[in-house]
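The chains referred to below are lettered A, B, ... by the order of the sequence lines, with proteins before strands, and numbering in each begins at 1. This is a predicted model, so every value here is computed, not measured.
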Number of protein chains: 4
Amino acid sequence: MARVIDETKIERIKEATLHMVVQKGYGGASISEIASLAGVAEGYLYRHYKGKADLVHDLLYSNLNELINQLEQLLDNHHTVLEIFEQLTRTLFGIANVQPERIKFLYVLMHDYNFKIEESQRERILNLCTRVKVEGIKSGEIAADIDEEEIYLIGVAYPIQFINLHLKNFFNQSELGEGEIKKVLKIGKELIKK
Amino acid sequence: MARVIDETKIERIKEATLHMVVQKGYGGASISEIASLAGVAEGYLYRHYKGKADLVHDLLYSNLNELINQLEQLLDNHHTVLEIFEQLTRTLFGIANVQPERIKFLYVLMHDYNFKIEESQRERILNLCTRVKVEGIKSGEIAADIDEEEIYLIGVAYPIQFINLHLKNFFNQSELGEGEIKKVLKIGKELIKK
Amino acid sequence: MARVIDETKIERIKEATLHMVVQKGYGGASISEIASLAGVAEGYLYRHYKGKADLVHDLLYSNLNELINQLEQLLDNHHTVLEIFEQLTRTLFGIANVQPERIKFLYVLMHDYNFKIEESQRERILNLCTRVKVEGIKSGEIAADIDEEEIYLIGVAYPIQFINLHLKNFFNQSELGEGEIKKVLKIGKELIKK
Amino acid sequence: MARVIDETKIERIKEATLHMVVQKGYGGASISEIASLAGVAEGYLYRHYKGKADLVHDLLYSNLNELINQLEQLLDNHHTVLEIFEQLTRTLFGIANVQPERIKFLYVLMHDYNFKIEESQRERILNLCTRVKVEGIKSGEIAADIDEEEIYLIGVAYPIQFINLHLKNFFNQSELGEGEIKKVLKIGKELIKK
DNA sequence: GATGAATGAGGCTTCATTCAT
DNA sequence: AATGAATGAAGCCTCATTCAT
């Protein structure tokens with residue numbers, strides 16, 4: 001009877017939000033700009049999100065979720081730490097090359113002191129790191145004194161940092177090819193004993 | 001005499017700004033709160049800064065400057081890459097323990113896609129990395145294929161990332177003692193060949 | 001058949017509107033809440049009313065109409081002023097005990113400077129007062145200098161005021177029993193000479 | 001040094017608020033209309049009031065306060081219930097003739113189910129009624145079974161109701177002269193026992 | 001020089017109303 | 001006939017900035 005919800009609109013809102021948050025940060029991204037960029041009425045947003053915070057939170061949550069899901073699958077299918085690090089890095093580089101703003105978005109919000117990651121997601125990340133640690137120690141790939149934090153820093157934070165440095169052209173090297181993957185993996189490999 | 005009072009005011013404004021930006025982010029920090037925290041009239045601020053952006057920019061610039069100066073001195077006095085990495089890490093941890101907000105401030109703004117570091121500062125950082133690279137290769141401490149970027153990432157970005165992960169209690173480990181320094185240096189050491 | 005369903009819908013809309021206006025005031029009552037409370041589509045409302053104002057206006061009109069009709073019947077069946085006052089008060093108390101929201105609704109809107117009572121209804125009320133006055137003077141129950149206004153104030157406005165003061169617990173007395181009816185009537189009786 | 005607060009602006013805001021609330025009710029009165037009527041910037045309001053509710057609340061509070069103060073003085077200076085009622089009525093009529101909107105304002109908000117009078121003020125009103133009751137019973141002017149509520153209704157609510165009926169031209173009698181005072185007092189007198 | 005009163009553009013949000021289905 | 005998705009004007013409010021004093 002009534003119009004059907006136009007899913008492309010919601011998709012456009014998400015894209016526009018991602019874009020604006022990356023361009024101007026959470027505070028600088030305005031609802032009116034997001035709406036106009038998405039080609040949607042300002043008020044329309046509020047039919048799907050409680051407000052700006054909800055919108056951005058939701059977007060962070062789902063992006064992170066997708067990433068975590070990929071990581072979990074990755075852990076299910078690969079068993080050596082080296083393999084895992086490599087696949088993880090390739091995954092992140094893959095996103096960066098196809099949807100650089102998605103990586104920027106995660107990067108910007110993960111470094112914002114006002115945006116806490118959902119507790120459940122923090123726990124899932126922690127669990128992933130524990131799995132890597134346990135399997136790595138069992139197989140003898142990594143030393144016994146390596147902890148989750150280092151795995152996270154080297155496996156996730158470092159590649160993201162690396163990618164964004166490139167996207168920002170900080171060292172005037174904007175490519176993100178096989179050579180860059182190698183560079184990132186080099187650090188990961190160092191972590192692995194012997 | 002009048003000058004002295006002024007300098008105190010400017011100093012208080014800088015402290016207040018640092019504090020508010022860290023607590024509430026750039027967008028959330030309001031001029032009126034900053035002024036009242038600094039015990040200064042709102043209008044006074046505009047006699048010294050063109051506006052809020054200018055104020056924060058200036059603060060980022062001077063904080064970064066101080067840090068870069070310290071790094072330059074460090075390079076003048078220490079010659080092995082290992083030493084440099086260690087002193088650098090100790091410097092950053094020292095700041096984190098005494099003025100955690102300064103580290104948070106740098107962390108937050110360096111990751112913001114709005115706040116580009118001054119070109120001159122970027123160059124100075126680049127030069128510092130080049131010096132480390134050159135001396136490291138000359139002394140045989142690091143491999144020939146290491147580049148500035150990696151030195152920056154491992155020597156600066158990684159420790160800052162590490163510190164902030166702790167300040168955020170992401171892995172429920174908030175201490176920043178000798179043990180944590182060791183952990184950070186371990187990665188640095190891995191970079192150094194054989 | 002379809003008609004029957006319609007009537008229920010309209011009825012439900014009226015109930016929902018009454019409820020929401022009483023709970024949140026005219027401005028605070030939203031069409032979407034009213035529609036959802038009535039189990040009706042928002043758009044449906046606009047097939048029967050020009051808008052929110054029209055809806056509420058109509059509701060005020062019909063409620064007032066019902067009350068005026070009751071008063072007219074009352075006047076047809078009772079002849080002494082005293083009797084009329086008593087029956088009138090009992091009628092109002094009756095409504096207040098069974099449908100307190102109806103009394104609140106009338107109370108709220110009759111005192112709102114935006115909602116003018118329809119001219120035709122004002123005239124009917126005036127006529128009712130005139131009838132009471134004329135019959136009262138004829139029978140000698142009330143003084144010749146009593147006018148319509150006083151009859152309205154004492155017979156209608158005063159009881160409604162009294163009831164709402166109780167519904168608001170202004171004097172911490174929320175009951176509306178025989179004792180309260182007596183109290184109200186006492187004032188009415190005073191109006192009646194000798 | 002800086003500009004001095006322009007008290008006339010605050011005064012104009014108060015007047016404009018009173019006016020708009022009377023004309024359109026609390027919900028219908030908009031900040032932007034109030035500000036423009038007062039000839040003041042919209043944001044200026046928020047330097048003195050937390051928001052719209054605070055502004056209107058404050059205005060209701062102070063208006064009511066002034067009235068209650070007058071009533072308290074009145075009670076201090078006049079001792080028979082009759083005198084008190086008369087002076088009270090004259091006071092209210094006086095306001096109505098000079099500042100009709102003040103009376104309308106009180107009338108509108110006292111009948112709004114969303115605006116509760118401050119508890120302290122409710123208590124002061126209650127105390128005033130108690131004083132009248134006690135003194136009236138002591139002097140034998142009023143019956144022992146009269147309670148505070150009736151005193152309030154007859155002494156305050158009834159005159160206000162009466163005045164507003166006139167201001168609304170409900171019975172096409174807009175004058176508020178000596179004759180109308182007499183009419184109101186007649187009801188009051190009835191309350192007083194032989 | 002310094003103050004803080006005042007401004008007003010622009011932010012977020014609500015909601016009566018329209019209209020494609 | 002009925003729905004409810006979509007709109008956008010308008011509401012409340014914040015706050016960087018200006019400027020009279």
Participant: Starting at the 5' end of DNA chain E and moving along, which residue's nearest nucleotide shows up first, Gly39(B) or Gly43(D)?
Facilitator: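 The answer here is Gly39(B).
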Participant: In terms of side-chain geometry, is the basic nitrogen of Lys14(B) or Glu11(B) positioned less than 4.0 Å from the acidic oxygen of its partner?
Facilitator: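 No salt bridge links Lys14(B) with Glu11(B).
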Participant: Of the candidate nucleotides dT17(F), dG11(F), dA5(F), which contains the atom at the shortest distance from the side chain of Ile31(B)?
Facilitator: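 The closest nucleotide is dT17(F).
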Participant: Closer to the 5' end of DNA chain F via nearest nucleotide, is it Ala29(B) or Leu45(A)?
Facilitator: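 Closer to the 5' end of DNA chain F: Leu45(A).
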Participant: Between Arg12(D) (CZ) and dA6(E) (C1'), how many Å, whole number?
Facilitator: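 Distance check: Arg12(D) CZ to dA6(E) C1' gives 12 Å.
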Participant: Quick test of your reading of the model: are Lys104(A) and Glu101(A) salt-bridged, counting only N-O distances below 4.0 Å?
Facilitator: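 Not counted as a salt bridge, because no side-chain N and carboxylate O are separated by less than 4.0 Å.
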Participant: Who is the Watson-Crick or G-U wobble partner of dA20(F), with both distances under 3.5 Å?
Facilitator: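 Pair assignment: dA20(F) / dT3(E).
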Participant: From the list dA16(F), dA6(F), dC13(F), which nucleotide is the closest neighbour of the side chain of Lys52(B)?
Facilitator: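 Closest of the options to the side chain of Lys52(B): dA16(F).
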Participant: Would Arg122(C) and Glu119(C) pass as an ion pair if we require N to O under 4.0 Å?
Facilitator: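 Answer for the salt bridge query: yes.
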Participant: May I have the distance from Glu42(B) (atom CD) to dC19(F) (atom C1'), rounded to whole angstrom?
Facilitator: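 After rounding, the gap between these two atoms is 13 Å.
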Participant: Between atom CD in Glu33(C) and atom C1' in dG4(F), what is the gap in whole Å?
Facilitator: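 Atom CD in Glu33(C) sits about 17 Å away from atom C1' in dG4(F).
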Participant: Between Tyr46(C) and Tyr46(A), which has a closest nucleotide on DNA chain E that is more 5'?
Facilitator: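 Comparing both residues, the 5'-ward one is Tyr46(A).
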Participant: Ala41(A) has a side chain; which of dT7(F), dT7(E), dG11(F) sits nearest to it?
Facilitator: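 Of dT7(F), dT7(E), dG11(F), dT7(F) is nearest to the side chain of Ala41(A).
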Participant: If you only use heavy atoms from C-beta on, which nucleotide in dA5(F), dT7(F), dC12(F) is closest to the side chain of Lys9(A)?
Facilitator: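 Taking heavy atoms from C-beta onward, the closest nucleotide is dT7(F).
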Participant: Do Arg47(B) and dA2(E) share a donor-acceptor pair, side chain to base, under 3.5 Å?
Facilitator: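 Answer yes: a donor N or O sits under 3.5 Å from an acceptor.
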Participant: Would you indicate, yes or no, if dA6(E) has its OP1 or OP2 atom less than 4.0 angstrom from a side-chain nitrogen or oxygen of Tyr44(D)?
Facilitator: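 For dA6(E), OP1 or OP2 has a side-chain N or O of Tyr44(D) closer than 4.0 Å.
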Participant: For His48(B) and dT18(F), give me the distance from atom NE2 to atom P, rounded to whole Å.
Facilitator: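 Checked: the NE2 to P distance equals 16 Å.
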Participant: Looking at dA5(F), dT7(E), dG11(E), which one has an atom nearest to any side-chain atom of Val40(D)?
Facilitator: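 Nucleotide nearest to Val40(D)'s side chain: dT7(E).
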